[in-house]
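These notes concern the structure reproduced below.
Every chain is numbered from 1, with letters handed out A, B, ... down the list of sequences.
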Amino acid sequence: MITLQPPPSATTSHPTPIVIGPAQLRAPRRAKRGTRIRYALVISAFLLPSAIPLALFTLVPMFGALWVSLHEWNLIGAMKWVGLNNYASLAVDPDTHRAFLNTAYYIVGYLPLVYIGGLTIALALNSRMPARAFLRGIYFLPVVTSWIVVALVWRWLLNPEYGVVNYVLGLVGIDGPGWWTDPQWAMPSIILASAWKDLGFVMVILLAGLQAIPADLYEAATVDGAGRWRKLVSITLPMLSPSTFFVIVISLINGFQVFDQVYAMTGGGPAGASQVVVQQVYDLTFRYGRAGEASALSWMLFIVVLAVTLIQIRGQKKWVNYA
Amino acid sequence: MRKRSVLALTIAVSIGAAAMFFPFLWTIITSISSGAGLAATPQLIPDDPSLAAYAELFGNTPFLQVMANSLGLAVATTAAQLVTGSLAAYGFSRLPFRGSNVVFAIYLATMMIPVQVLIVPLFIEIKMLGLLNTHVGVLLPGVASAFGVFLLRQAMNAVPRELDEAAKIDGAGHFRIFGTIVLPLVGPAVATLSVFAFMGSWNSFLWPLIVLRTPELQTLPIALAGLQGQYTTQWDVLMAGSVISVIPMVLIYIFAQRYVIQGVANTGIK
């Protein structure tokens with residue numbers, strides 16, 4: 001499958017191009033067979049240590065999941081071929097609808113919160129101020145924390161009876177809600193914790209984008225008498241659109257796959273109020289032993305994520321501004 | 001900007017940072033509050049601070065063992081990803097062959113496959129290999145990371161090829177050039193990958209949750225999630241566990257902040 005090119009000779013000073021023309025294709029045939037085999041062995045030694053695990057633990061399982069999704073299977077007994085029945089039954093299952101709706105609810109709540117929050121802080125930290133690196137470090141700290149810790153800590157902060165948040169709300173005369181114990185407030189609790197954890201990540205990406213905007217654009221705008229607001233709307237936001245695009249694509253991909261914090265904060269409850277798609281995949285597999293349906297659901301999720309990502313990539317021409 | 005507005009902005013950003021930090025602070029405070037005081041009015045400075053929660057944790061749960069498990073797995077994952085990643089990066093950067101670009105594109109594509117799609121077949125694979133409930137089973141799917149290959153290849157592409165050529169004239173083979181010239185020059189990228197690999201393993205949850213069953217084999221996130229069932233309302237113990245599992249990551253972050261932030265910032269630039 002792979003034809004080899006001879007190793008670049010010691011006399012060529014320029015890097016060997018990867019694009020291979022007919023002249024170069026002829027070269028290996030002329031090279032000694034032993035040299036070619038030795039070069040192939042060298043390439044294998046460099047690539048196989050990563051290629052084998054990636055193939056075995058990513059590509060094989062990916063198509064394995066497709067295979068399993070066409071069967072009825074409890075992980076132990078024999079697999080029974082059911083064709084596309086798993087997909088058909090999941091498509092009309094109210095549990096599936098609820099899981100996708102809850103996932104959409106999560107994304108709709110989480111994305112604006114984390115983007116606007118991250119942008120505000122990035123804008124503030126982009127101007128000169130004392131202890132800027134230290135402050136940036138504090139905002140980033142939750143990013144390195146595990147989801148399980150974040151979930152535990154927020155369960156405690158948002159504890160309906162003894163939590164410090166409801167205590168503070170009580171001081172100003174607000175009777176705090178039941179947060180993660182209340183079906184209405186379970187998802188907002190998860191959204192709040194998630195936004196807190198990811199804010200620093202969004203901030204760093206947007207800061208890198210802000211620092212790439214040429215200063216002379218702002219100088220020209222100042223000469224033209226533009227105010228701060230005008231500069232934000234006419235220069236900063238359009239110039240920042242590639243970073244914004246990246247944040248949105250990544251946040252949507254991660255948002256559809258939300259699991260750890262749900263598992264640890266609510267387990268999908270109360271009464272399924274925060275049941276999301278991946279939690280459903282997990283429950284189907286390891287709680288109910290319905291591996292075929294679980295695989296079908298994970299492929300449905302993958303296709304949805306892929307479609308949403310492709311739509312965004314196609315739509316980016318309309319609003320993303322690549323210099 | 002005028003001095004006064006800089007001051008106002010700094011104060012506003014600092015208040016925000018304090019709010020961001022508060023959950024960490026509250027975790028520490030709770031972990032040293034005695035159980036009885038927890039149900040009363042929240043206190044910023046506990047009446048009689050004690051380390052009872054930590055004693056409980058290390059005395060009555062296999063927490064020390066669990067920490068060692070997490071550390072071992074994180075170190076092994078990091079080492080494996082550095083070896084597989086740097087070798088592959090050199091291959092894609094310095095060893096041209098027909099189809100190289102296609103193979104590299106397949107590597108990148110594996111980054112986009114969500115873990116959840118892989119779970120069931122991966123579980124079966126590991127089960128068939130007889131590696132369920134073992135650390136090797138947890139480790140194996142993570143020994144190579146396409147992200148690492150990508151990161152290191154970018155860095156190696158920036159190393160001038162004249163250096164290779166000079167070594168080649170001196171009779172050095174690819175393994176020598178890799179080990180003595182290219183690899184030492186991509187130190188910052190290696191540091192970034194190390195931090196990310198360590199963090200990914202240290203914080204990973206779903207996969208170890210599925211593979212590991214025996215309490216003595218569990219990793220920190222799994223053990224913490226399990227503590228919730230055991231110490232439902234003993235928040236001092238739960239927060240002590242959180243403090244302990246966050247500390248190593250925070251220490252690494254403080255020392256490698258530059259590389260972590262640079263790594264994230266670079267992913268945002270196409």
Side-chain angles (χ1 to χ4, degrees), chain A residues 2-5 10 13 15-16 18 20 42-43 46-47 49-50 53-54 57-58 61-62 64-65 68 121 124-125 127 129-130 135 137-140 144-149 152-153 156-157 162 164 167 201 204-205 208-209 243 246 257 259-260 264 278 281 285 291 294-295 298-299 302 305, chain B residues 1 6 9-10 13 16-17 20-21 23 26-27 30 38-39 42 84 87-88 90-91 95-101 110 113-114 116-118 120-122 125 140-141 143-144 146 149 161 165 168-169 174 199 203 205-206 221 224-225 235 238-239 242 245-246 249 253 257 261 264-265 268-269:
Chain A
I2 290 162
T3 314
L4 299 171
Q5 199 185 317
S13 58
T16 314
I18 291 174
I20 295 165
V42 170
I43 291 180
F46 277 101
L47 292 190
S50 55
L54 282 177
F57 304 119
T58 308
M62 182 171 177
V68 173
I121 296 157
L125 281 174
S127 43
M129 64 170 65
L135 289 167
I138 298 276
Y139 281 102
F140 195 79
V144 302
T145 312
S146 86
W147 273 117
I148 302 309
V149 169
L152 262 178
V153 169
W156 175 226
L157 289 167
Y162 310 118
V164 72
Y167 172 75
F201 177 80
V204 167
I205 287 174
S243 304
F246 178 80
Q257 298 172 20
F259 172 71
D260 291 12
V278 177
V281 170
T285 316
S295 293
S298 69
W299 260 87
F302 179 46
V305 175
Chain B
M1 236 192 293
V6 171
L9 194 63
T10 309
V13 173
M20 285 296 282
F21 190 73
W26 193 238
T27 305
T30 305
L38 287 177
T84 60
L87 284 171
Y90 184 88
L95 302 171
F97 61 93
R98 194 168 164 188
S100 171
N101 285 344
T110 64
I113 302 168
Q116 294 77 26
V117 175
L118 309 178
V120 175
L122 212 47
E125 266 186 67
L140 221 42
V143 294
V149 175
R161 276 152 216 271
E165 300 298 339
K168 217 172 276 172
I169 292 166
H174 280 294
M199 184 166 84
N203 290 343
F205 178 65
L206 181 56
L224 267 181
W235 288 98
L238 294 176
M239 291 303 110
S242 302
S245 66
V246 165
M249 223 34 252
Y253 169 62
Q257 206 194 98
I261 289 192
V264 174
I269 300 165

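Across all non-hydrogen atoms, the minimal contact from A:M62 to A:W299 is O-NE1, 3.4 Å. Of all non-hydrogen atoms in A:T145 and B:V246, the two that sit nearest each other are CG2-CG2, 3.6 Å. The nearest pair of heavy atoms linking B:P23 to B:T27 is O-OG1, 2.6 Å.
For a residue to count as touching a neighbouring chain, one of its non-hydrogen atoms must lie under 4.5 Å from one of that chain's; by this rule B:V117 touches chain A with backbone and side chain alike. Only the side chain of A:T285 comes within less than 4.5 Å of a heavy atom of chain B; its backbone N, CA, C and O stay farther away. In this structure, the portion of B:S245 lying under 4.5 Å from any heavy atom of chain A is its side chain and not its backbone. Contact of B:T10 with chain A is made through backbone and side chain together, with heavy-atom distances under 4.5 Å. Looking at A:Y139, the atoms closer than 4.5 Å to chain B (heavy atoms on both sides) sit in the backbone and in the side chain alike. Both the backbone and the side chain of A:L47 come within contact range of chain B, with heavy atoms under 4.5 Å apart. Residue B:V120 touches chain A through its side chain alone, counting heavy-atom pairs closer than 4.5 Å.
Note on A:A124, A:S50, A:G64: by heavy-atom pairs under 4.5 Å with chain B, the leading option is A:S50. When the candidates A:V204, A:I138, A:V68 are compared by the number of heavy-atom contacts under 4.5 Å with chain B, A:V204 comes out ahead. When B:A88, B:A146, B:A225 are compared by the number of non-hydrogen pairs under 4.5 Å with chain A, B:A88 comes out ahead. Between chain B and the residues A:V42, A:I121, A:V153, the most heavy-atom pairs under 4.5 angstrom are made by A:V153. When the candidates B:V13, B:L122, B:T110 are compared by the number of heavy-atom contacts under 4.5 Å with chain A, B:V13 comes out ahead.
Within the 3.5 Å criterion, the main-chain N or O of A:I148 finds no donor-acceptor partner in the side chain of A:D260. Under the 3.5 Å distance criterion, the side-chain polar atoms of A:S243 are left unmatched by any main-chain donor or acceptor of A:A208.
In this structure, B:W235 and A:Y162 have side chains that are not in contact, with every pair of non-hydrogen atoms separated by 4.5 Å or more. Proximity of A:F259 to A:W147: side-chain heavy atoms (C-beta onward) are nowhere separated by under 4.5 Å.
Not counting sequence neighbours, the partners of A:F46 by the ring pair (Phe, Tyr, Trp, His ring centres under 6.0 Å) test are B:Y90, B:F175, B:F178.
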